[in-house]
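Written out below as structure tokens is the structure these notes cover.
Because the structure is predicted, anything quoted here is derived from the model rather than measured. Reminder, nothing fancy here: chain letters follow the sequence lines and each chain counts from 1.
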Protein chains: 2
Amino acid sequence: MALDSASQNQRRSDAPEVVVARLPQYVRILTRLLQEGAEVVSSQQLGEKLQVTPAQIRKDLSYFGRFGKQGRGYSVIHLLERLKLILGLNSFWNVAVVGVGRLGRAILSYPGFTPDGFHIVAAFDSNPDVVGETIAGLTVSSLEELDEVVSSKKISIAIVAVPTEHTQGVVDRLVACGVRAVLNYAPISPQVREGVRVRNIDPVLSLQSMTYYLTDHPVD
Amino acid sequence: MALDSASQNQRRSDAPEVVVARLPQYVRILTRLLQEGAEVVSSQQLGEKLQVTPAQIRKDLSYFGRFGKQGRGYSVIHLLERLKLILGLNSFWNVAVVGVGRLGRAILSYPGFTPDGFHIVAAFDSNPDVVGETIAGLTVSSLEELDEVVSSKKISIAIVAVPTEHTQGVVDRLVACGVRAVLNYAPISPQVREGVRVRNIDPVLSLQSMTYYLTDHPVD
DNA sequence: CCGCATTCGTACTAATTTTCACAAATACCT
DNA sequence: AGGTATTTGTGAAAATTAGTACGAATGCGG
């Protein structure tokens with residue numbers, strides 16, 4: 001009880017990254033529970049749904065405040081609201097897609113980003129044949145216009161689906177335009193300055209880390 | 001996240017899962033180095049390319065054997081071969097895609113799996129309008145034929161891109177047919193019996209874990 | 001061939017992450 | 001109202017993961 005700031009509700013800055021990465025899963029489960037009409041949920045129940053120990057859930061949440069009631073659990077709607085606020089999911093995010101090839105088109109047509117508050121408001125490609133084309137209601141812009149459009153449309157997140165060899169260059173340009181979060185689909189990990197976040201979507205790496213377990217390994 | 005680490009490791013060498021997950025990245029870098037004509041590489045150089053400490057690379061490799069030479073480093077071609085053997089990447093893997101909607105089509109048309117030894121040899125869908133269609137040279141089969149085709153084509157890995165509500169059911173059927181590794185694109189984490197591996201591709205979770213850092217958090 | 005610069009492999013140490021376990025608070029039953 | 005069953009939040013312990021540092025090889029230049 002001696003820790004003053006530690007026991008306050010606003011202690012957020014020092015939450016480990018691994019904890020932050022779990023919060024969106026909690027948000028997802030809570031959203032479903034809310035739809036199902038649940039009013040209260042315990043860390044025990046959440047843990048079962050997420051295949052995680054109840055202690056971990058309580059510990060994770062404790063980095064951000066005290067949201068539960070002993071003997072009762074967490075108010076689904078209240079905890080959900082708090083977590084969305086913490087993650088910045090209480091408002092919309094404007095997103096650009098860079099690279100309108102096969103993959104970029106699939107991303108532009110994918111309806112799964114919008115319900116979660118990510119609005120794709122611009123698409124870019126370097127190919128003059130593609131620029132001007134309209135996909136899923138969006139007209140593809142030239143990369144020349146990147147700076148202007150990113151500024152005017154207040155874009156802070158980019159989804160990058162360009163050929164591997166252009167990825168680092170595109171990411172550099174995006175960061176120079178003020179983008180601070182990049183979701184990259186190329187099979188490399190772009191380097192960025194501190195303060196910029198990158199997540200890589202790399203299905204081949206995922207497959208390759210599973211084949212290890214499909215292979216017989218002598219105990220040696 | 002891990003359920004029961006004691007029961008996870010049976011006869012297998014005891015390399016932590018987090019180490020196994022890094023090996024494919026080593027393989028990727030080594031492949032590139034080999035193409036560039038490099039014959040030898042040190043943990044120092046590998047570490048720079050991967051943004052990890054040299055010690056971590058040496059430690060990771062030491063779980064599987066002794067591959068380097070003091071004062072010299074690692075033979076690129078030799079280390080690459082050994083890692084591919086460890087990961088089971090020295091031969092081909094037959095893969096099925098289940099769900100031929102927009103996403104499934106994009107996956108079937110994606111050329112990036114083949115060079116890494118993952119051969120998509122079957123596609124399944126429940127929609128009779130889609131069954132029989134040919135995409136990227138593959139004729140879509142009905143889900144009825146799952147068991148037969150998985151057996152006859154020796155498929156041990158499945159890529160699942162079906163609507164969320166059907167995902168668990170499809171995964172259950174796949175596991176019943178003998179599939180032991182699943183790459184899932186739906187925004188849930190399918191539950192499987194021990195011994196079956198699942199990796200989820202979930203771009204929304206990735207985005208949501210970045211928005212935290214784009215949001216101002218009072219320090220106190 | 002000798003000394004010096006490299007670099008591995010690993011025992012040891014540090015940091016991080018997870019789990020345990022328990023006081024305190026709450027709900028509910030009789 | 002009193003007793004019992006829940007369940008949180010959190011220090012402390014345990015487990016896992018990463019990093020340090022150094023002995024032992026190895027190669028090279030003179």
Side-chain angles (χ1 to χ4, degrees), chain A residues 1-23 25-26 30 33 38-76 78-79 82-83 209 220, chain B residues 1-9 13-23 25-26 30 33 38-76 78-79 82-83 209:
Chain A
M1 308 305 136
L3 297 174
D4 38 11
S5 67
S7 49
Q8 290 302 317
N9 267 13
Q10 292 285 73
R11 192 187 74 159
R12 288 173 177 175
S13 52
D14 57 351
E17 195 154 332
V18 59
V19 170
V20 174
R22 280 192 291 263
L23 298 187
Q25 298 180 260
Y26 300 167
L30 289 165
L33 285 170
E39 294 192 353
V40 173
V41 67
S42 66
S43 59
Q44 172 75 45
Q45 294 171 298
L46 282 175
E48 279 164 19
K49 292 190 185 292
L50 286 159
Q51 297 294 295
V52 156
T53 63
Q56 179 161 77
I57 290 174
R58 296 201 300 276
K59 188 71 148 183
D60 283 355
L61 297 178
S62 76
Y63 282 102
F64 305 97
R66 307 164 52 128
F67 309 117
K69 240 186 193 159
Q70 282 124 321
R72 190 161 159 75
Y74 302 89
S75 151
V76 172
H78 179 238
L79 180 58
R82 293 302 302 270
L83 289 182
S209 70
D220 197 37
Chain B
M1 280 292 169
L3 301 169
D4 186 0
S5 63
S7 56
Q8 295 266 9
N9 298 345
S13 58
D14 55 353
E17 196 155 332
V18 58
V19 171
V20 173
R22 279 192 291 264
L23 298 188
Q25 297 179 259
Y26 300 167
L30 289 166
L33 285 170
E39 294 193 352
V40 173
V41 67
S42 67
S43 59
Q44 173 75 44
Q45 294 170 298
L46 282 175
E48 278 163 19
K49 291 189 186 294
L50 286 159
Q51 299 291 295
V52 297
T53 63
Q56 179 159 76
I57 290 174
R58 296 201 300 277
K59 191 89 181 286
D60 283 357
L61 297 179
S62 75
Y63 282 103
F64 304 97
R66 306 164 52 125
F67 309 117
K69 239 183 195 162
Q70 283 125 323
R72 190 161 159 74
Y74 301 89
S75 152
V76 172
H78 179 238
L79 180 57
R82 293 301 302 272
L83 288 182
S209 71

- request: Take nucleotides 22-30 of chain C nucleotide by nucleotide from the 5' end and write B, S or -, depending on whether a protein heavy atom sits under 4.0 Å from the base, only from the sugar-phosphate, or from neither.
  value: --BBBS---
With [X], which residues qualify under side-chain contact (heavy atoms from CB on, under 4.5 Å), at least two apart?
X       : value
B:Ala21 : none
B:Gln51 : A:Gln191
B:Ser62 : none

- request: Would you mind classifying the nucleic acid contact of B:Pro16 as base, sugar-phosphate or nothing, using non-hydrogen atoms under 4.0 angstrom?
  value: sugar-phosphate
Just how far, in rounded Å, is [atom2] of [N] from [atom1] of [X]?
X       : N      : atom1 : atom2 : value
A:Asp60 : D:dT10 : CG    : P     : 13 Å
B:Leu79 : C:dC8  : CG    : P     : 10 Å
B:Gln44 : D:dT20 : CD    : P     : 12 Å
A:Gln56 : C:dA21 : CD    : P     : 17 Å
B:Ile57 : C:dT10 : CD1   : C1'   : 16 Å
A:Asp14 : C:dT17 : CG    : C1'   : 14 Å
A:Tyr63 : D:dT10 : OH    : P     : 11 Å

- prompt: At under 4.0 Å, does any side-chain N or O of B:Arg66 touch on OP1 or OP2 of C:dT7?
  reply: no
task: Would you please confirm or rule out a distance under 4.0 Å between OP1 or OP2 of C:dG9 and any side-chain N or O of B:Tyr74?
output: yes
message: Taking salt bridge (Lys or Arg N to Asp or Glu O under 4.0 Å) as the definition, give me every residue that meets it alongside B:Arg22, ordered by chain and number, with sequence neighbours left out.
response: B:Asp60
- prompt: Where do B:Leu33 and B:Lys49 come nearest, in terms of heavy atoms and distance?
  reply: CD2-CE, 3.7 Å
query: Below 3.5 Å, does any donor atom in the side chain of B:Lys59 face an acceptor in the base of D:dG19, or the other way round?
result: yes
- prompt: Any salt bridge (charged side-chain N to carboxylate O under 4.0 Å, His left out) pairs touching residues 62-73 of chain B, not counting sequence neighbours?
  reply: none
task: By nearest nucleotide on DNA chain C, pick out whichever of A:Val19 and B:Gly65 is the more 5' one.
output: B:Gly65
message: Pick the closest DNA chain C nucleotide for B:Ser43 and for A:Glu17 by heavy atoms, then say which residue is nearer the 5' end.
response: B:Ser43
message: Counting C-beta onward and ignoring hydrogens, is there a side-chain heavy-atom pair between A:Leu46 and A:Val52 closer than 4.5 Å?
response: no
message: The side chain of B:Thr53 is closest to which nucleotide in this list: D:dG9, C:dT10, D:dG19?
response: D:dG19
